[in-house]
Asks: 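Encoded as structure tokens, here's the structure I'll be asking about.
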Amino acid sequence: MIEKNNALLSSGTVHIIPETDFTKKLASGKKLQIKLGMDPTAPDLHLGHAVVLSKLKQFQDLGHHVIFLIGDFTAHIGDPTGKSKTRPPLSSEQIKENTKTYFEQVGKILDIDKVSVRFNADWLDILSSKDLVKLCAQVTLARVIEREDFDTRMKNNQPIGFHELLYPLFQGYDSVVLKADVELGGTDQTFNLLMGRFLQEQYGQEPQVVITMPLLIGLDGVHKMSKSLGNAIGLAENADTAYGKLMSMSDDLMWHYFEVLLGRTKDEVAQLQSRVAGGTLHPMELKKDMAQEVIIKFWSLDQALKAREAFTALFQQKDYSKAQEVQLPSGTACPLWIVELLKIVGAVTSSSEARRLIEGKAVHIDDNVITDFKAEIAWQSGTIIKVGKHRIYKIS
């Protein structure tokens, strides 16, 4: 049984550090404390978060104690992972607002009734100056600036805020307070996770095992999934929109989603690729299967079947009666700036994302391509808005 559980929990991971400690912890038979921390820097979680949340669910199903840590203190700093400059700080109001939606979204994957939700402001807000100095004394500056993004910024003569240097220490101290046995995170979190292991040793605790999960590439096929880059699929989005976005990805990116998000092995993916190359499996139908599986996993079977049916009707049969209907708020101006229209229907979340789509000639109003970022749209009931290849909205 232990070997079977070890194989399950190890599947799909990038690193388990160290594997020998992980095997020992599982063999102990005790209920392990499994930690996952997320800073509420944005209101929505996306499928990239779902990769690590799915692994957390496996631990939960095996009876281990899951701790979902809301970084309401560390969100004020902003994890500098992958950033080339200091992040602008979030206000307490922004953090509180962003936190509101997390629990509902996490509940799509985890059994919330069996999750301990903690907030790191509960202990980090009350650290005394003496405690903070003691924490900082555990780590050398040389160790902190080994972190890749800090090292890169120093080489490029880009500034690093002193508060950013403290971020890994605060995240590591969370593990000390929670006495975590295992901490999960993406590969971009490796430094911070190892800091938790290191600090636990300094405070006389048994160090946690670090498990890293692969980063999900966003719909652009280049960068990791991120709301700010406009390449994400939010867990709070409706199933039809999510299905359409999945269908919009390249065929090459599809293989990554099969492996990282759906847990297919490399051999299974290779077999599918061989069938496509041999002409016995059409990539469009396979992509439909992939999108359907994702919607089943994170939404529901019923929503997945309806989304696939609607997609086929819309994009293969050109039946716009199946388009997602959107009712504009009472008093909405007409004509309306195209960017505001795209935001209202939920096609974009930012003006920069709208600009990228418009400049890429990916926005159509009633089959007319929009190329002017400043265009005013005289909308009416029945107006069809197409965004990219696989998103269609109809104003009701």
Asks: Looking at Arg356 and Glu353, does any basic side-chain N land under 4.0 Å from a carboxylate oxygen?
Replies: no

Asks: Would you check if the side chain of Asn6 reaches a backbone N or O of Leu26 as a donor-acceptor pair within less than 3.5 Å?
Replies: no

Asks: Where the side chain of Tyr203 meets the backbone of Val177, is there a donor-acceptor pair that is under 3.5 Å apart?
Replies: no

Asks: So do Arg118 and Phe68 actually touch side chain to side chain, heavy atoms under 4.5 Å?
Replies: no

Asks: Output yes when Lys179 and Glu206 qualify as a salt bridge under the 4.0 Å nitrogen-oxygen rule, no when they do not.
Replies: no

Asks: Please tell me whether Thr190 and His15 have a donor and an acceptor in their side chains that are separated by less than 3.5 angstrom.
Replies: no

Asks: Quick one: do Arg308 and Asp289 make a salt bridge, cutoff under 4.0 Å?
Replies: yes

Asks: Taking the side chain as everything from C-beta on, heavy atoms only, tell me whether Leu219 gets closer than 4.5 Å to Ile233.
Replies: yes

Asks: Evaluate the side-chain proximity of Lys361 to Thr371: yes if any heavy-atom separation is below 4.5 Å, no if none is.
Replies: yes

Asks: Got a salt bridge between Arg197 and Glu183, using NZ or NE/NH1/NH2 to carboxylate O under 4.0 Å?
Replies: no

Asks: Determine whether the aromatic ring centres of residues Phe373 and Trp337 are separated by less than 6.0 angstrom.
Replies: yes

Asks: With a 4.5 Å cut-off on side-chain heavy atoms, are Lys114 and Val66 touching?
Replies: no

Asks: Could you measure the distance from the OH atom of Tyr167 to the CE atom of Met195? Nearest 0.5 Å is fine.
Replies: 12.5 Å

Asks: Is it true that a side-chain atom of Thr280 and a backbone atom of Arg275 form a donor plus acceptor pair closer than 3.5 Å?
Replies: yes

Asks: Give a yes or no on this: more than 12 heavy atoms of other residues, nucleotides or ligands lie within 6.0 Å of atom CD of Glu376.
Replies: yes

Asks: If you count heavy atoms of other groups shown closer than 6.0 angstrom to CD of Glu268, is the number above 12?
Replies: yes

Asks: Kindly say whether Lys134 contributes a backbone atom to a donor-acceptor pair with the side chain of Gln138 at under 3.5 angstrom?
Replies: yes

Asks: Do NZ/NE/NH1/NH2 and the carboxylate oxygens of Lys288 and Glu293 come within less than 4.0 Å?
Replies: no

Asks: Side-chain contact test, heavy atoms from C-beta onward, threshold under 4.5 Å: evaluate it for Gln189 versus Gln171 and give yes or no.
Replies: yes

Asks: Mark yes or no for whether Asp220, through its side chain, and His223, through its backbone, hold a donor-acceptor pair below 3.5 Å.
Replies: yes

Asks: If only atom types and distance count, is the side chain of Lys386 paired as donor or acceptor with the main-chain N or O of Arg391 below 3.5 Å?
Replies: no

Asks: Using 4.0 Å as the upper bound for N to carboxylate O, is an ion pair formed by Asp251 and Lys287?
Replies: yes

Asks: After noting the C-alpha distance and the side-chain angles of Arg153 and Glu164, does the key distance pass the salt bridge (Lys or Arg N to Asp or Glu O under 4.0 Å) rule?
Replies: CA-CA 12 Å; Arg153 282 159 67 177; Glu164 293 181 277; 2.8 Å; yes

Asks: Do Asn238 and Tyr243 have side-chain atoms, one donor and one acceptor, less than 3.5 Å apart?
Replies: no

Asks: A side-chain contact here means heavy atoms from C-beta on lying under 4.5 Å apart; do Leu261 and Val51 qualify?
Replies: yes

Asks: Quick check: does any side chain N or O of Gln60 sit under 3.5 Å from a backbone N or O of Asp111, one acting as donor and the other as acceptor?
Replies: yes

Asks: Within the 3.5 Å criterion, strictly below it, is a donor on Ser350 or Lys343 matched to an acceptor on the partner's side chain?
Replies: no

Asks: Holding to side-chain hydrogen bond (donor to acceptor under 3.5 Å, both in side chains), I want the full list of residues that pass it with Thr332, two or more places apart in sequence or in another chain.
Replies: none

Asks: Does NZ or CZ of Arg143 fall inside the cone over Phe191's six-membered ring, less than 6.0 Å from its centre and within 45° of the axis?
Replies: no

Asks: Does the side chain of Gln324 reach to within under 4.5 Å of the side chain of Lys394, using non-hydrogen atoms?
Replies: no

Asks: Within a reach of under 6.0 Å around CD of Glu285, are more than 12 heavy atoms found that belong to other residues, nucleotides or ligands?
Replies: yes

Asks: Just checking Lys57: does its NZ atom have more than 12 heavy atoms from other residues, nucleotides or ligands closer to it than 6.0 angstrom?
Replies: yes

Asks: Please check if atom CD in Glu104 has more than 12 non-hydrogen atoms from other residues, nucleotides or ligands closer than 6.0 Å.
Replies: no

Asks: Using a 3.5 Å distance criterion without hydrogens, assess whether the side chain of Asn231 forms a donor-acceptor pair with backbone atoms of Ser226.
Replies: yes

Asks: Does a side chain donor of either Ser175 or Gln200 reach within less than 3.5 Å of an acceptor in the other side chain?
Replies: no

Asks: Does a salt bridge link Asp181 with Lys35, judged by any charged N lying under 4.0 Å from a carboxylate O?
Replies: no

Asks: Does Asp372 reach the side chain of Ile358, with side-chain heavy atoms less than 4.5 Å apart?
Replies: no

Asks: Please tell me whether Lys306 and Gln303 have a donor and an acceptor in their side chains that are separated by less than 3.5 angstrom.
Replies: no

Asks: Hey, is Arg147 close enough to Asp151 for a salt bridge, meaning N to O under 4.0 Å?
Replies: no

Asks: Using only atom types and a distance under 3.5 Å, with no angle test, would you say the side chain of Trp299 pairs donor to acceptor with the backbone of Glu237?
Replies: yes

Asks: Hey, are Asp21 and Lys25 close enough for a salt bridge, meaning a charged N less than 4.0 Å from a carboxylate O?
Replies: no

Asks: With a 3.5 Å distance limit and no angle check, can you tell me whether Gln205 reaches the backbone of Val176 through a side-chain donor-acceptor pair?
Replies: yes

Asks: At what distance, to the nearest 0.5 angstrom, does CG of Leu184 lie from CD1 of Ile211?
Replies: 5.5 Å

